[in-house]
Amino acid sequence: MLLVRVVKNRAVAIVGVAAVALSLVCLERYTNDAGIASDAVVTTEPVVQSQQGARIVAPSAGETKKPELTAKNNIITEEERREMDNRRNKVMAECGKKDGNETSQRQEWRYVETIVVDDKHKLLYCGVPKVGTTNWLRVLTALQTDPARDPMKVDQSEFREKRNFRHLNSYDSAERARLLETYLKVIFVRNPYERAVSAYKCIFQKPLHQFVKKYRKKSLQYRNYVLRNYRNSNINWNVTVNDPRFNVTFDEFSRYLTDERTLVADPLAVSSKGKMNPHWAPMSELCDPCEVKYDVIGMHHTMRNDVEYVLKSIGANDLVDYPFRDPNVTRAQAPDYYKRLAPSQIDKMRRLYETDFRLFGYDPYEPPRV
């Protein structure tokens, strides 16, 4: 009899980005999956119970028909496991080709600073901004209580200001190694071109009145910097109000993004070390998937299935609803942003995110088009 397991004798973990706690908050509309049934599944298939509560279906001898599953259960199928294996193997194969000089001084050990540790569920979560990080932190916070809370009733201050989760850099080296070895490590990624548009919309295009006061001040600081340096340096820009004349264009944002000054020491960094702002830093720099062997690599375009995979892995898929939003909004709008860029500027963005494209299988030569 074939037994399929998610992780062998492992506690589950999710790896996260600490800098997210310092980054800007983008106000967006979300919808819960409240309408999805959460009835328990009754199946005659052999089932293996993982240490974390996930159930993995093992087909009976001679049986090829898979059990009919509802959307809310803790069963991981062999097909789901195989898909995740393929993603991990793809990343590891690409990491094997990596030039030893590819890791920059700025990138080195950044993942240690950004890992969020959830000891209750034995999770580590590497939260890449603009790939559902805020809602993952809502979900993990909601799961800290019994029974679990509604994630949309979790105030962001609980995981941003109060810092309810420890980060990996708060542990000594021996404990870090143990967590990385025994916890399930999770990262969610997104097409770099699309993610850049989402970051631009969040920080530079959203009306200022939609920011809470302290983040409004930070957004003003960012907008003034870009206007001073990438529009007309002879004008003393001082954006203080919503005015169309002060809107940062996507072209101006992309030129800031690919400027050598930004690459060496980001002027809009959220730390004093000059590390690139996490909203647009390469995902490979934030989470270093060649150093951290991620067990789950979720994709933004398959978010719903991949979220369920993680929740099943920790036995929580029937306990909480991840607050999804429609990912097709930015995806549909992206072509309009890129048609405003010169081909040479798109080439610069391609080089900036070259490692992300290679590791996660996105096509660097096909930016969103009309």
Side-chain angles (χ1 to χ4, degrees), residues 23-24 26 90-91 94 97-99 101-104 106-107 128-131 187-206 219 222-223 225-233 244 246-269 274-287 289 299-303 327-370:
S23 60
L24 297 177
C26 298
K90 160 70 176 174
V91 170
E94 291 298 327
K97 305 174 186 177
K98 186 175 72 167
D99 185 340
N101 297 322
E102 196 169 302
T103 300
S104 67
R106 192 181 65 234
Q107 174 180 340
V128 176
K130 311 317 301 170
V131 196
I187 179 176
F188 275 76
V189 298
R190 187 177 190 176
N191 184 302
Y193 289 128
E194 185 183 314
R195 179 171 168 256
V197 170
S198 182
Y200 164 74
K201 290 170 59 181
C202 169
I203 309 300
F204 294 99
Q205 198 175 50
K206 188 171 72 174
S219 182
Y222 288 5
R223 295 178 194 207
Y225 175 84
V226 173
L227 289 172
R228 284 197 306 270
N229 288 276
Y230 302 97
R231 181 168 295 183
N232 188 335
S233 57
F246 300 147
N247 288 347
V248 173
T249 67
F250 188 63
D251 177 69
E252 291 163 346
F253 168 68
S254 69
R255 284 189 284 124
Y256 145 74
L257 192 59
T258 57
D259 192 311
E260 187 63 29
R261 290 174 294 181
T262 304
L263 302 180
V264 172
D266 190 354
L268 306 186
K275 297 176 182 179
M276 185 174 278
N277 189 298
H279 277 91
W280 39 81
M283 297 176 286
S284 51
E285 178 178 314
L286 290 171
C287 299
M299 302 285 189
H300 190 260
H301 63 280
T302 56
M303 191 82 169
N328 295 317
V329 175
T330 297
R331 196 168 299 152
Q333 294 173 344
D336 189 51
Y337 289 90
Y338 281 92
K339 74 179 182 181
R340 307 170 194 176
L341 302 186
S344 59
Q345 191 57 38
I346 295 179
D347 285 341
K348 291 180 180 179
M349 292 190 68
R350 180 182 301 124
R351 289 194 294 272
L352 172 63
Y353 296 113
E354 180 179 5
T355 302
D356 287 354
F357 286 119
R358 184 168 57 78
L359 291 179
F360 303 120
Y362 296 107
D363 189 344
Y365 294 100
E366 289 192 9
R369 303 176 187 218
V370 200

Kindly give the heavy-atom pair with the smallest separation between [X] and [Y], and that separation in Å.
X	Y	value
Pro129	Leu286	CD-CD1, 3.8 Å
Pro282	Leu352	CG-O, 3.8 Å
Val189	Met299	CG2-SD, 3.4 Å
Ile187	Cys287	CD1-CB, 3.6 Å
Ser254	Asp251	OG-O, 2.8 Å
Pro267	Thr262	CD-CA, 4.0 Å

Residues Asp347 and Arg351 bridged, charged N to O under 4.0 Å
no
Do [X] and [Y] have side chains that approach each other closer than 4.5 Å (heavy atoms only, starting at C-beta)?
X	Y	value
Arg231	Thr249	yes
Pro192	Phe360	no
Lys206	Lys201	no
Tyr256	Val248	no

What residues form a side chain to side chain donor-acceptor pair (under 3.5 Å) with Arg340, not counting sequence neighbours?
Asp336
Should Glu194 and Lys130 be marked as a side chain to side chain contact (heavy atoms under 4.5 Å, CB included) after you check the CA-CA gap, both sets of side-chain angles, and the distance that decides it?
CA-CA 9 Å; Glu194 185 183 314; Lys130 311 317 301 170; over 6 Å; no
Look up atom [atom1] in [X] and atom [atom2] in [Y], then write down how far apart they are to the nearest 0.5 Å.
X	Y	atom1	atom2	result
Met349	Arg255	CE	CZ	13.0 Å
Ile203	Ser198	CD1	OG	9.0 Å
His300	Thr302	NE2	OG1	10.0 Å
Leu268	Arg223	CG	CZ	12.0 Å
Leu257	Glu252	CG	CD	13.5 Å
Arg195	Met283	CZ	CE	6.0 Å

Do any N or O atoms from the side chain of Arg350 and from the backbone of Pro364 form a donor-acceptor pair under 3.5 angstrom?
yes
For Ser284, is there any backbone N or O sitting under 3.5 Å from a side-chain donor or acceptor partner on Asp356?
yes
Any chance you could lay out the side chain to side chain contact (heavy atoms under 4.5 Å, CB included) test for Val226 and Phe204, step after step, and finish with the verdict?
CA-CA 10 Å; Val226 173; Phe204 294 99; 3.8 Å; yes
Partners passing ring pair (Phe, Tyr, Trp, His ring centres under 6.0 Å) against Tyr200 (at least two apart in sequence or in another chain)
Phe250, Phe253, Tyr337
Contacts of type ring pair (Phe, Tyr, Trp, His ring centres under 6.0 Å), residue Phe357, not counting sequence neighbours
Tyr193
Begin with the C-alpha distance, continue with both residues' side-chain angles, and end with the deciding distance and a verdict on side chain to side chain contact (heavy atoms under 4.5 Å, CB included) for Arg331 and Asn191.
CA-CA 10 Å; Arg331 196 168 299 152; Asn191 184 302; over 6 Å; no
Could you give me the CA-CA distance, side-chain angles and deciding distance for Tyr222 and Asn277, then say whether side chain to side chain contact (heavy atoms under 4.5 Å, CB included) is met?
CA-CA 11 Å; Tyr222 288 5; Asn277 189 298; 3.1 Å; yes
Would you kindly say whether Asp259 and Tyr230 are connected by a side-chain donor-acceptor distance under 3.5 Å?
yes
Looking at the rings of Tyr353 and Trp280, which for Trp means the six-membered one, are their centres under 6.0 Å apart?
no
Can you check salt bridge (charged side-chain N to carboxylate O under 4.0 Å, His left out) on Lys90 and Glu94, steps first, answer last?
CA-CA 6 Å; Lys90 160 70 176 174; Glu94 291 298 327; 3.3 Å; yes
